[in-house]
Amino acid sequence: MLKDVPEIFGSLVFNDDVMSARLPRDIYKSLHKTIEEGKSLDITVANAVAAAMKDWALEKGATHYTHWFQPLTGITAEKHDSFLEPQGDGKVIMEFSGKALIKGEPDASSFPSGGLRETFEARGYTAWDPTSYAFIKDDSLCIPTIFCSFGGEVLDKKTPLLRSMEVIDAKATRLLRLMGDDQVTRVNSTVGPEQEYFLVDKNLYKKRRDLVVTGRTLFGAKPPKGQELDDHYFGVIKPRIKAFMQELNEELWKLGVYAKTEHNEAAPAQHELAPVFTTTNIAADQNQLTMEIMKKVADRHGLACLLHEKPFAGVNGSGKHNNWSLSTNYGKNLFSPGKKPQDNKTFLVCLCAVLEAVDRSQDLLRIASASAGNDHRLGAAEAPPAIMSTFLGDELTEILDAIERGEHGENKKAEKVVTGVEVLPDFKKDTTDRNRTSPIAFTGNKFEFRMLGSSFSIADINTVINTAVADSFERLADRLEATDDIEAELDKWMSETVTAHKRIIFNGNNYTQEWIDEAHRRGLYELKTTADAVPLFVSEKNIELFTKHKIFTKSEIASRCEIMLDSYSKVLHIEGLTMIEMARKEILPAVITYTNEVAQSVKLRQDIGVCSENDATLRLCKKLTKLTDDLYSKTKELDSAVIGLERISNSLEASAYCRDVLLPAMNSLRAIADELETIVAEKHWPYPSYSELLFNV
Ligand code: ADP
Ligand code: MG
């Protein structure tokens with residue numbers, strides 16, 4: 001073990017301990033009130049907090065401050081200002097006002113707004129989210145903020161997430177109270193995101209234009225040794241990686257991120273980091289930070305950290321597992337079957353609400369995990385399919401079946417549950433060999449949403465989950481309010497819910513064709529690509545859900561849909577252009593050089609009369625020539641496809657074109673180039689091979 005972990009943990013965070021030590025008592029108290037009750041911050045409080053923050057930050061060596069926010073690009077943005085205030089007499093003082101803490105004004109026009117901007121002012125503002133602690137990064141005091149336009153339109157991923165947390169808090173609390181819980185005053189959604197990533201040698205990385213420009217290899221023949229041997233998963237961690245992980249952990253601990261586990265993943269050069277779960281908005285901030293720090297630390301170790309969902313074709317890609325749960329102000333996990341009968345009822349009701357939410361919002365869950373990068377994974381028998389379903393395990397499914405049938409007295413397990421005489425079985429034991437192919441698995445006391453891509457912000461998916469589950473809670477609460485017999489109504493609702501939504505339960509292997517056929521029979525969505533999924537964002541059902549709970553306005557939904565489609569096409573456009581450039585400027589010349597060499601051998605053999613019809617050099621030369629012709633024409637075809645895309649201005653049309661024309665053109669060019677890679681002499685091939693990249697750290 002390295003340094004004293006408790007000593008460094010959170011040392012760069014303006015957390016509760018620091019606040020309590022440095023803020024006057026009354027200021028500390030009213031800040032707490034703000035945080036706990038979501039009240040807006042009084043300017044005198046803000047001034048005092050800002051002053052304390054500045055003093056603390058200066059002591060830690062910071063010179064600047066920045067409002068740190070998450071625009072719709074999916075990565076974080078920051079605009080740095082220095083604390084320096086000129087005093088007119090050539091002197092400066094270090095200043096930071098409450099106003100500067102609460103509000104910032106970055107130029108919104110440099111961030112995507114999906115059409116919202118044209119109708120409103122270009123300026124936007126950022127506002128402190130006091131529930132997420134300020135921290136120091138690169139000599140700057142970073143203040144986690146939300147980001148809106150001056151017209152009030154939301155331009156970031158954080159605001160809707162915070163709204164969804166408020167909504168699920170309100171609806172869950174109301175429901176629990178109706179169910180007789182008089183202790184509950186707040187329900188928090190909690191998340192622990194597991195982060196997968198690849199580490200490759202930086203020098204090799206730099207030699208690949210595709211990796212540098214697009215984050216993934218656009219060419220590359222499959223290595224002879226892949227992950228078939230399964231020897232990487234939980235394998236011994238190499239010293240260079242170990243050193244990286246050690247430093248990464250240390251950096252994250254300083255920032256108050258509870259980085260906990262580290263192990264190798266299924267693919268060679270692939271690893272995973274999981275933090276201890278926390279409140280959802282903080283988890284979202286910390287995951288963004290984690291990804292950023294991973295890249296920085298990798299760089300210091302001569303490594304490149306790849307967060308792309310599919311850096312290597314034919315090798316497992318990287319995802320992010322979003323472990324989600326709900327917990328009350330008094331620390332009860334709502335998805336943990338309890339010891340008391342009433343706890344079990346709560347558990348089963350919450351479980352049914354998730355079933356309903358997942359079934360009703362299948363499309364939204366798919367959309368929240370959609371991107372050009374993640375399309376390579378979902379449904380490729382390495383990650384969950386593009387079809388949403390939940391894994392509950394046999395035992396729990398059996399109980400739900402019994403609830404559906406209303407077999408209170410006949411089925412032993414159901415009797416336990418419905419009459420609430422005994423405790424539920426411990427589902428944790430069921431999770432030891434849980435189903436790894438399921439997109440949404442119940443894992444003992446939480447749901448694990450496994451569809452997310454490794455580079456994603458977790459904000460969108462949690463906004464969807466919170467809102468959809470809150471909506472189920474609300475409809476149930478309405479029913480309970482209108483009845484005299486709460487218990488009977490709960491049983492009835494559960495039974496109806498299981499009947500209506502059990503189609504979403506699937507405990508088998510999600511990677512099989514049988515499941516896909518079965519899912520079609522059940523009428524579940526199969527949205528294979530981003531271009532198929534995202535247009536459903538603006539459906540009436542989805543607009544109703546989000547506007548009802550005041551998460552998005554209709555125009556905000558339309559703008560987000562636009563941005564997602566647009567970025568899908570942009571990514572593919574850049575990939576297409578990069579492939580053309582690589583093929584023309586590097587691959588083609590390399591192949592021609594090698595072909596010339598081979599042709600000379602042919603000539604020599606012919607000159608001395610030993611070149612038969614079957615001569616190896618002759619055959620190779622012919623093959624190379626044929627493939628070179630193909631490479632040339634496929635490059636031309638891709639070029640036309642790219643030009644075709646550039647002519648389309650409508651984002652919906654453009655995304656469909658990318659799916660139907662551009663991607664197939666990219667794939668056929670790649671197939672030729674990859675075949676050439678396997679026959680061209682290594683010294684001529686312009687790029688490090690998959691084997692070099694994957695096995696060289
Ligand atoms: P896996 O077996 O899926 O790799 P890990 O132990 O790596 O599991 O990760 C599980 C994640 O789930 C951790 O980040 C953990 O903190 C998180 N988690 C555990 N309990 C909860 C909870 N109640 N709410 C949210 N996340 C949780
Ligand atoms: Mg997992």
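Atoms within a ligand are numbered from 1 in the order they appear, just like the ligands themselves.
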### Summary
Looking at Ala259, Gly444, Pro275, Ala283, the heavy atom closest to atom 14 (O) of ligand 1 belongs to Pro275
#### Entry: Interfacing atoms of ligand 1 (cut-off 4.0 Å, heavy-atom, Glu448)
3 (O)
#### Entry: From Trp324, Phe447, Phe277 - option closest to atom 19 (C) of ligand 1 by heavy atom
Phe277
### Nearest non-hydrogen partners of Thr279 and Met165, listed with the distance
CG2-CE, 3.5 Å
### Query
Sub-3.5 Å donor-acceptor pair from the side chain of Arg522 to the main-chain atoms of Arg503, do we have one?
yes
### Query
Applying side-chain hydrogen bond (donor to acceptor under 3.5 Å, both in side chains), which residue pairs with at least one partner in residues 364-373 are found, sequence neighbours left out?
Arg366-Asp375
### Task
Classify the angle between the aromatic ring planes of Phe552 and Phe537 as parallel (below 30°), tilted (30 to 60°) or perpendicular (above 60°).
perpendicular
### Message
Could you walk me through whether Glu251 and Lys296 satisfy the salt bridge (Lys or Arg N to Asp or Glu O under 4.0 Å) test, starting with their C-alpha distance in whole Å, then the side-chain angles of each, then the deciding distance to 0.1 Å, before giving a yes or no?
### Response
CA-CA 10 Å; Glu251 294 286 317; Lys296 276 194 195 142; over 6 Å; no
### Task
Could you list the atoms of ligand 1 found under 4.0 angstrom from a heavy atom of Asn323?
10 (C), 11 (C), 12 (O), 17 (C), 25 (C), 26 (N)
### Task
Compute the shortest N/O to N/O distance between Glu194 and ligand 1 and return yes if it is under 3.5 Å, no if not.
yes
### Query
Judged by non-hydrogen atoms, does Glu196 sit under 4.0 Å from ligand 1?
no
### Query
Which ligand 1 atoms does Ser325 reach within 4.0 Å, using its non-hydrogen atoms?
22 (C), 23 (N), 24 (N)
### Query
Among all residues two or more places apart in sequence or in another chain, which pass the side-chain hydrogen bond (donor to acceptor under 3.5 Å, both in side chains) test with Thr280?
Ser189
### Message
I'd like to know if the side chain of Asn445 and the backbone of Ser336 have a donor-acceptor N/O pair within less than 3.5 Å.
### Response
no
### Task
Could you see which bit of Gln195 sits under 4.0 Å from ligand 1, with heavy atoms only: side chain, backbone, both or neither?
neither
### Message
If we only consider heavy atoms of His321, is any one of them less than 4.0 Å away from an atom in ligand 1?
### Response
no
### Query
Which ligand 1 atoms, with their elements, are less than 4.0 angstrom from a heavy-atom of Glu272?
4 (O), 7 (O)
### Close-contact set for ligand 1 against Asn333 heavy atoms, below 4.0 Å
23 (N)
### Task
Can you label the angle between the Phe447 ring and the Trp324 ring as parallel, tilted or perpendicular, going by 30° and 60°?
tilted
### Message
At less than 4.0 angstrom from any non-hydrogen atom of Val276, what atoms of ligand 1 do you find?
### Response
16 (O)
